[in-house]
Amino acid sequence: STKSKVAVVGSGNWGSVASKLIASNTLKLPSFHDEVRMWVFEETLPSGEKLSEVINRTNENVKYLPGIKLGKNVVADPDLEHAVRDATMLVFVTPHQFMEGICKRLVGKIRKDAEAISLIKGMEVKKEGPCMISTLISEILGVNCCVLMGANIANEIAVEKFSEATVGYRGNRDIAEKWVQLFNTSYFVVSPVQDVEGVELCGTLKNVVALAAGFVDGLDMGNNTKAAIMRIGLREMKAFSKLLFSSVKDSTFFESCGVADLITTCLGGRNRKCADAFARNGGKRSFDELEAEMLQGQKLQGVSTAKEVYEVLSYRGWLELFPLFTTVHEICIGRLPPSAIVEYSEHTPKFS
Ligand code: NAD
Ligand code: 13P
């Protein structure tokens, strides 16, 4: 048939919510098959049962999104190749550090006419330079890849509170419209923007600023300081994005993926939360330890992104242009104390 078939690669906190959103729409839209295949990185729960089996029995991801029904048409599948085999629309939503390995496993296993979208906030740094996750997907799998980013704390969308999101696309607007159709609901309003790099860099870089905001919270520095850090961070986000890709549009920073995601993540995200605890402990407990203790299997993206951004900056000789990004990484690795976030961010360079 000519109906589109959707597979979701990833089933963490946001992956589970994305599957729920998509599954509510595939039931309503005649151009999509009802069933949504969701690949589960298999694990054994303390009860001894397999996570994928529990999801299929209870219709809930009891580990990463407890208490929320995903919809009966979501089918958990622990076999990656099987999950994607017939899909014409592939949704990638895992923590970014796992994507390169997953893409390599999928070479030759997906349909040649498949379209992809990435909901993943992060980048890879190669010898040749930075590589966005959507580019990794496009290049390894030979598919077109859009992105969806926004002010989207998963637990809030899971209970259907209103939010917005941005689809970034290049070239073909019809494909962007199809992704909008698949994700858009009355409480999740999605707008397309022709700027993949800008949308994806917003989603990626705001996680570094969220760590800075968390340090400020952990030091009890108050609202003005936090707002200053967010402003300086937003300016570095824009400058960095435009230095990497001259095509990035100013207007993208005013979409949900830009300033709105920065705000929500600095107020209520996991990166903020763990950075707050890191600063309260005076940097004596590592992020790995705090992540394992505070997030129960969910993953931080900001700490590795700060390192990746730092590598790009130092390789290109841009460290002094980005005091906030640079300082966040140096705090994360213990080279500077958390209080340095304010001292160093004050040395702001002049961006034209
Ligand atoms: P998560 O933080 O809940 O991560 C846990 C997931 O990682 C689980 O599905 C687990 O099985 C999987 N995992 C663990 N080890 C693995 C391995 N070796 N290989 C493959 N998978 C493994 O994940 P998430 O919240 O769905 O985040 C995915 C992406 O979405 C991230 O880039 C994140 O920044 C982004 N995002 C998250 C939210 C949110 O509120 N959670 C919102 C917007 C965007
Ligand atoms: P955290 O990963 O910091 O929770 O941010 C979630 C997010 O990306 C909200 O849009």
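First listed ligand is number 1; within each ligand, the first listed atom is number 1.
In this structure, E53 does not pair ionically with R57, as no charged nitrogen and carboxylate oxygen lie closer than 4.0 Å.
Closest protein heavy atom to atom 3 (O) of ligand 1: N13 N, 2.8 Å. Looking only at heavy atoms of the protein, atom 10 (O) of ligand 2 is closest to D261 OD1, 2.7 Å. For atom 34 (O) of ligand 1, the nearest protein heavy atom (residue, atom name, distance) is Q301 CG, 3.4 Å. From the protein, the heavy atom lying nearest to atom 14 (C) of ligand 1 is F98 CE1, 3.7 Å. In terms of protein heavy-atom proximity, atom 10 (C) of ligand 1 is closest to Y64 OH, 3.5 Å.
Looking at R270 against ligand 1, only its side chain comes within 4.0 Å, counting heavy atoms. For N155, no heavy-atom contact with ligand 1 is shorter than 4.0 Å. Heavy atoms from both the backbone and the side chain of K121 come within less than 4.0 Å of ligand 1. Contacts between N271 and ligand 2 below 4.0 angstrom, taking non-hydrogen atoms only, involve backbone and side chain alike. Using a 4.0 Å cut-off between heavy atoms, T94 contacts ligand 1 through its backbone alone, with no side-chain atom that close. Residue W14 touches ligand 1 through backbone and side chain together, judged by heavy-atom distances below 4.0 Å.
At a 4.0 Å cut-off, not a single heavy atom of Q301 sits close enough to ligand 2 to count as contact. Put simply, part of P95 is less than 4.0 Å from ligand 1, judged by heavy atoms. Proximity of G203 to ligand 2 is not established, as no heavy-atom distance is less than 4.0 Å. Look at G297 and you'll find a heavy atom under 4.0 Å from some atom of ligand 1.
Atom numbering of ligand 1 starts at 1 in the shown order; those under 4.0 Å from a heavy atom of A154 are 39 (C), 40 (O), 41 (N). Set against the non-hydrogen atoms of G269, the atoms of ligand 2 under 4.0 Å away are 3 (O), 4 (O). For ligand 1, the atoms lying closer than 4.0 Å to a non-hydrogen atom of I120 are 32 (O). Within the listing of ligand 2, atoms 3 (O), 5 (O), 7 (C), 9 (C) sit less than 4.0 angstrom from a heavy atom of T265. Short contacts between ligand 2 and G150, defined as distances under 4.0 Å to a heavy atom of the residue, involve ligand atoms 10 (O). Interface of N152 with ligand 2, defined as ligand atoms under 4.0 Å from a residue heavy atom, comprises 9 (C), 10 (O). The distance from ligand 1 to the heavy atoms of L119 drops below 4.0 Å at these ligand atoms: 30 (O), 35 (C). For ligand 1, the atoms sitting less than 4.0 Å from at least one non-hydrogen atom of N152 are 40 (O), 42 (C), 43 (C), numbered in the order shown with element in parentheses. Near I153, with a cut-off below 4.0 Å to any heavy atom, the atoms of ligand 1 are 40 (O).
The closest non-hydrogen atom to atom 2 (O) of ligand 2, taken over K206, E156, Q298, R270, comes from R270. Residue F41 holds the heavy atom nearest to atom 18 (N) of ligand 1 of all those in W39, F92, F41. When the heavy atoms of E156, Q296, K299 are ranked by distance to atom 2 (O) of ligand 1, first place goes to K299.
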Under the side chain to side chain donor-acceptor pair (under 3.5 Å) rule, what do N152 and D261 come out as? Steps first, then yes or no, please.
CA-CA 7 Å; N152 300 145; D261 195 9; over 6 Å; no
Please step through side chain to side chain donor-acceptor pair (under 3.5 Å) for the pair E308 and H96, ending with a clear verdict.
CA-CA 12 Å; E308 287 143 8; H96 79 278; 3.1 Å; yes
E124/Q97 under side chain to side chain donor-acceptor pair (under 3.5 Å): CA gap, chis, key distance, verdict:
CA-CA 8 Å; E124 287 283 324; Q97 59 270 35; over 6 Å; no
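Between H96 and ligand 1, not a single N/O pair is under 3.5 Å apart. Taking any N or O of G12, backbone or side chain, at least one lies under 3.5 Å from an N or O belonging to ligand 1. By the 3.5 Å distance cut-off applied to N or O atoms, K121 is counted among the residues near ligand 2. Any N or O atom pair closer than 3.5 Å counts here, and I102 shares no such pair with ligand 1.
Contact detail for K121 and G150: the closest heavy-atom pair is NZ-O, 3.2 Å. The two residues P95 and K299 have their closest heavy-atom pair at CG-CG, 3.7 Å. Here the shortest heavy-atom pairing between F215 and C332 reads CZ-SG, 4.3 Å. The shortest non-hydrogen separation linking G269 to I153 is N-CD1, 3.9 Å.
Within the 4.5 Å cutoff, side-chain heavy atoms of L51 are placed close to those of V62. Contact check for S16 versus K20: no side-chain heavy atoms found under the 4.5 Å cut-off. Two residues are said to be in side-chain contact when any heavy atoms from C-beta on lie closer than 4.5 Å; M89 and K5 fail this criterion. Contact annotation: the side chain of L262 approaches that of V209 to within less than 4.5 Å [non-hydrogen atoms, C-beta and beyond]. Considering only heavy atoms from C-beta on, K273 stays 4.5 Å or farther from L290 through its side chain.
When atom types are taken as modelled, the side chain of K69 and the backbone of T58 share a donor-acceptor pair closer than 3.5 angstrom.
The cationic group of K284 does not satisfy the cation-pi geometry with F278, failing either the under 6.0 Å distance to the six-membered ring centre or the 45° limit from the ring axis.
Atom OG1 of T88 sits about 7.0 Å away from atom CG of D113, to the nearest 0.5 Å. To the nearest 0.5 Å, atom CG of residue N271 and atom CG of residue D276 are 12.5 Å apart.
A ring-centre distance under 6.0 Å is found for F322 and F240.
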